[in-house]
Amino acid sequence: LDEKSIAWKVAQKAHRHGASIALTNTALALRMGTINKLAEECQAPVIAADVTVVEELENLYKESMDKLGGKIDLLRLGNYVLAISIMGGQ
């Protein structure tokens, strides 16, 4: 994940349009990537999760709801997961 990836651009655009987002990737990728730069720019929490492990996906969903303040309106799977709460849980 870097500034040239589609996922990065989707996160930036969603944030610019008022969405609250959470960013995630595997723990290893989080340590090696630049996701924290994007998280700071978008004021987004970063949640480690391996999408091949059901328990980690369940935790990602729960933590995203907790940190975004309500329901999730969109979950985008790609190079990483992007959870978006468009209406702030309303």
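The figures that follow rest on heavy atoms only: side chains count, while hydrogens, waters and symmetry mates do not.
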State, to 0.1 Å, how close [X] and [Y] come at their nearest heavy-atom pair, and which atoms those are.
X: Glu41; Y: Gln12; answer: OE2-NE2, 2.9 Å
X: Ala22; Y: Ser64; answer: CB-OG, 4.0 Å
X: Ile21; Y: Ala14; answer: CG2-CB, 4.3 Å
X: Asp50; Y: Glu56; answer: N-OE1, 2.5 Å
X: Gln43; Y: His15; answer: OE1-CE1, 4.2 Å

Separation between [atom1] of [X] and [atom2] of [Y], rounded to the nearest 0.5 Å:
X: Leu23; Y: Leu30; atom1: CG; atom2: CG; value: 9.0 Å
X: Leu38; Y: Lys9; atom1: CG; atom2: NZ; value: 10.0 Å
X: Thr52; Y: Leu57; atom1: OG1; atom2: CG; value: 8.0 Å
X: Glu40; Y: Thr34; atom1: CD; atom2: OG1; value: 12.0 Å
X: Lys13; Y: Ile6; atom1: NZ; atom2: CD1; value: 13.0 Å
X: Asp2; Y: Lys37; atom1: CG; atom2: NZ; value: 9.5 Å

* Run the side-chain contact (heavy atoms from CB on, under 4.5 Å) check on Trp8 and Ile35 step by step: do they pass? -> CA-CA 9 Å; Trp8 190 288; Ile35 198 169; 5.8 Å; no
* Taking C-beta and beyond as the side chain, do Thr24 and Val46 meet within less than 4.5 Å on heavy atoms? ->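 Side-chain contact under 4.5 Å: no.
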